[in-house]
There are 2 protein chains.
Amino acid sequence: MQPLLISDSLLVKLKSIGSLRKMPSDSILMNEDDYIQAIPIVLNGSIKVMRTDEDGKEILLYYIKPGESCVMSFLGATCNERSKIKAIVDEPAEILMLPISKAVELIRTFPEWIEFIFQLYNRRFEELLDVINAIAFQKVDERLWELLKKKAAMNNTKELAVTHQQLADELGTAREVVSRLLKQLEKSKKIALSRNKVTIL
Amino acid sequence: MQPLLISDSLLVKLKSIGSLRKMPSDSILMNEDDYIQAIPIVLNGSIKVMRTDEDGKEILLYYIKPGESCVMSFLGATCNERSKIKAIVDEPAEILMLPISKAVELIRTFPEWIEFIFQLYNRRFEELLDVINAIAFQKVDERLWELLKKKAAMNNTKELAVTHQQLADELGTAREVVSRLLKQLEKSKKIALSRNKVTIL
DNA sequence: GTAGCTATGTGACTTTAGTTACGGTATGCC
DNA sequence: GGCATACCGTAACTAAAGTCACATAGCTAC
């Protein structure tokens, strides 16, 4: 996966028309059924995108990393619809908020912009397909293990600061299930457990 | 859901540059890992888009209906990637095959084209999210019932010509499970069963 | 008709996951 | 220290889904 999809000249252009916003962890960038006001472009930090159920259950869809944007917001914006997802800040993030009107204008004036959007769509589409594969065909223990590895790769550390509950939420299952499976992984020497921490061995 | 997303003028333009192909039921329009040669636009009939697992299991993602296109192919084409999905003809279809080069050109020359693509993305994205919701949060019996209703609505008939095995494949589960659940639906007078046929009451 | 195929029905069992319930433990705060 | 709070461990149970085995039923071709 490439680190940055966005070119320098496009980035400069975007910075000139958008407004910068710093957001701490766990702040909510967007909620399900929100109307979309602006298109967020993540400059650094990361955003966690979740799908939620009526009765509060949720599941992790993907992360938005630096240089990426939330395509859902672009879709929603151009089609004037409500958000179907919830986006919360994972690592504290600097986000460039782009007014919709400007974003639409850019399609005409900056051909690279559309290229950027398409690439993002592609990535997100694939990630959604991966999620579907995972929940349709994989067992929870595999999914948990892969989630741990993904988190380790993303944060570039083997020490993950997470609770069992958080992992359970991201997988869309119960805390007890995660605790059980983590214990198994510990027994098979793949991880070590301590409070608020999972260490990959 | 609107019947047609595509405007007449755009359709005329597309017809002038694409080649028409008639395909019978069950012919394979695209397979996982195929390279994408052309962008298909469905004029009539319908296409079933599935995601498959390494070991043969599969799950229905969505249907492509008249006036729509397979956005995956557009994504794959613009980013020069392989298909991540399998597309097979459901109802016998007439399909307009659009060479990729022309499709890319259209972005510049026909602004409406890009609008069309974006609308499709939006629809497909939502459908994928619906699939995720379904497999993550719903039980198989609910999903089966909704699948039956969807099929009835789509084909505009209450008599569905399907086998239990086909339904099982679309749900990504086993035939026995579907048989059992269909029996339950029959007992609760929601459907009637006979060979190769499910009738919604 | 009947052989052979495909489709369906169903019981029994296993595996996986979700639920309930509660005890124990680390941590921070007063 | 002592208490409150969040976090973790685990047993016991239930529910859902997947698997296995096999019986039966309907259709087609000869």
Side-chain angles (χ1 to χ4, degrees), chain A residues 25-26 52-60 131-148 151 159-188 190-199, chain B residues 25-26 53-60 131-148 151 159-199:
Chain A
S25 283
D26 296 325
T52 59
D53 187 41
E54 309 84 51
D55 41 284
K57 282 186 287 187
E58 50 185 33
I59 188 167
L60 173 69
V131 171
I132 289 176
N133 257 46
I135 52 185
F137 304 126
Q138 282 186 286
K139 286 191 290 177
V140 180
D141 55 355
E142 285 179 87
R143 290 173 54 210
L144 174 60
W145 177 233
E146 286 180 11
L147 178 63
L148 293 175
K151 280 180 171 289
E159 298 216 337
L160 307 175
V162 282
T163 68
H164 298 186
Q165 185 63 59
Q166 284 167 8
L167 293 171
D169 286 344
E170 300 196 354
L171 293 173
T173 182
R175 200 267 311 163
E176 293 85 335
V177 174
V178 169
S179 290
R180 260 203 304 260
L181 298 174
L182 283 175
K183 213 68 203 160
Q184 282 178 20
L185 284 172
E186 192 181 39
K187 274 183 191 149
S188 56
K190 288 184 172 173
I191 60 172
L193 296 174
S194 51
R195 193 187 173 83
N196 294 323
K197 195 168 78 175
V198 177
T199 310
Chain B
S25 283
D26 296 326
D53 186 43
E54 309 84 49
D55 42 283
K57 283 184 286 187
E58 50 185 33
I59 189 168
L60 174 68
V131 171
I132 288 176
N133 256 47
I135 54 184
F137 305 126
Q138 281 186 289
K139 287 192 289 177
V140 180
D141 55 356
E142 284 179 89
R143 291 173 52 210
L144 174 60
W145 177 232
E146 286 180 11
L147 177 63
L148 293 175
K151 279 179 171 289
E159 299 216 338
L160 308 175
V162 282
T163 67
H164 299 184
Q165 185 63 60
Q166 285 167 7
L167 293 170
D169 287 345
E170 300 195 356
L171 294 173
T173 183
R175 198 268 313 163
E176 293 89 327
V177 175
V178 169
S179 289
R180 263 203 300 262
L181 297 173
L182 283 174
K183 214 67 204 164
Q184 283 179 21
L185 285 172
E186 192 181 37
K187 274 182 190 148
S188 56
K189 308 283 181 203
K190 287 183 173 173
I191 59 173
L193 296 174
S194 50
R195 192 187 173 83
N196 294 321
K197 195 168 80 176
V198 177
T199 310

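Every chain is numbered from 1 and lettered A, B, ... according to where its sequence line falls, protein lines coming before strand lines. This one's a predicted model, so the numbers in the text were calculated from it and none came from an experiment.
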Indicate for each nucleotide in nucleotides 12-17 of chain D, in 5' to 3' sequence, whether protein heavy atoms under 4.0 Å reach the base (B), only the sugar-phosphate (S), or nothing (-).
B---SS
Take nucleotides 23-30 of chain D nucleotide by nucleotide from the 5' end and write B, S or -, depending on whether a protein heavy atom sits under 4.0 Å from the base, only from the sugar-phosphate, or from neither.
---BS---
Distance col, row A/Gln166:CD vs A/Leu147:CG, nearest 0.5 angstrom, shows 11.0 Å
Among residues 185-193 of chain B, which residues get a heavy atom nearer than 4.0 Å to DNA chain C?
none
Expressed as a whole number of angstroms, how long is the span from B/Glu176:CD to D/dC22:C1'?
11 Å
Enter the distance from A/Glu176:CD to A/Leu181:CG here, rounded to the nearest 0.5 Å.
11.5 Å
Flag side-chain contact, heavy atom, 4.5 Å: A/Asn196 against A/Val162:
no
Closest heavy-atom pair, B/His164 versus B/Val178, reported as atoms and distance to 0.1 Å, is O-CG1, 3.8 Å
Are B/Ile132 and A/Ile132 close enough that some pair of their side-chain heavy atoms sits under 4.5 Å apart?
yes
Pair B/Glu170-B/Lys151, salt bridge (Lys or Arg N to Asp or Glu O under 4.0 Å): steps then yes or no:
CA-CA 11 Å; B/Glu170 300 195 356; B/Lys151 279 179 171 289; 3.3 Å; yes
Return the set of residues passing side-chain contact (heavy atoms from CB on, under 4.5 Å) with B/Glu186 (not counting sequence neighbours), or none when no residue passes.
B/Lys183, B/Ile191, B/Leu193
In this structure, CZ of A/Arg180 is separated from CG of A/Asp141 (nearest 0.5 Å) by 11.5 Å
Chain B contact limits on DNA chain C, taken 5' to 3' with a cut-off of 4.0 angstrom to heavy atoms
C/dT6 to C/dA12
Shortest non-hydrogen contact between B/Ala136 and A/Ile135, atoms and distance:
CB-CD1, 3.9 Å
Could you tell me how far apart B/Lys57 (NZ) and D/dT19 (C1') are, to the nearest whole angstrom?
12 Å
Distance, rounded to the nearest Å, where A/Gln184 contributes CD and D/dG9 contributes P:
13 Å
Expected output: side-chain A/Thr173 to main-chain A/Asp169 donor-acceptor under 3.5 Å
no
Distance in Å, A/Asn133 CG paired with B/Lys57 NZ, rounded so as to fall on 0.5 Å steps:
10.0 Å
Taking all non-hydrogen atoms of both residues, which atom of B/Val131 and which atom of B/Leu60 are closest, and how far apart?
CG2-O, 4.1 Å
Run the numbers on A/Gln138 and A/Glu146 for side-chain contact (heavy atoms from CB on, under 4.5 Å), then give the verdict.
CA-CA 11 Å; A/Gln138 282 186 286; A/Glu146 286 180 11; 3.2 Å; yes
Please report the shortest heavy-atom distance between A/Thr52 and B/Phe137, naming the atom on each side.
C-CE1, 4.4 Å
Identify the residue among B/Leu171, B/Leu148, B/Leu167 that makes a side-chain contact (heavy atoms from CB on, under 4.5 Å) with B/Arg143.
B/Leu171
Within residues 161-171 of chain B: residues closer than 4.0 Å to DNA chain C (heavy atoms):
B/Thr163, B/His164
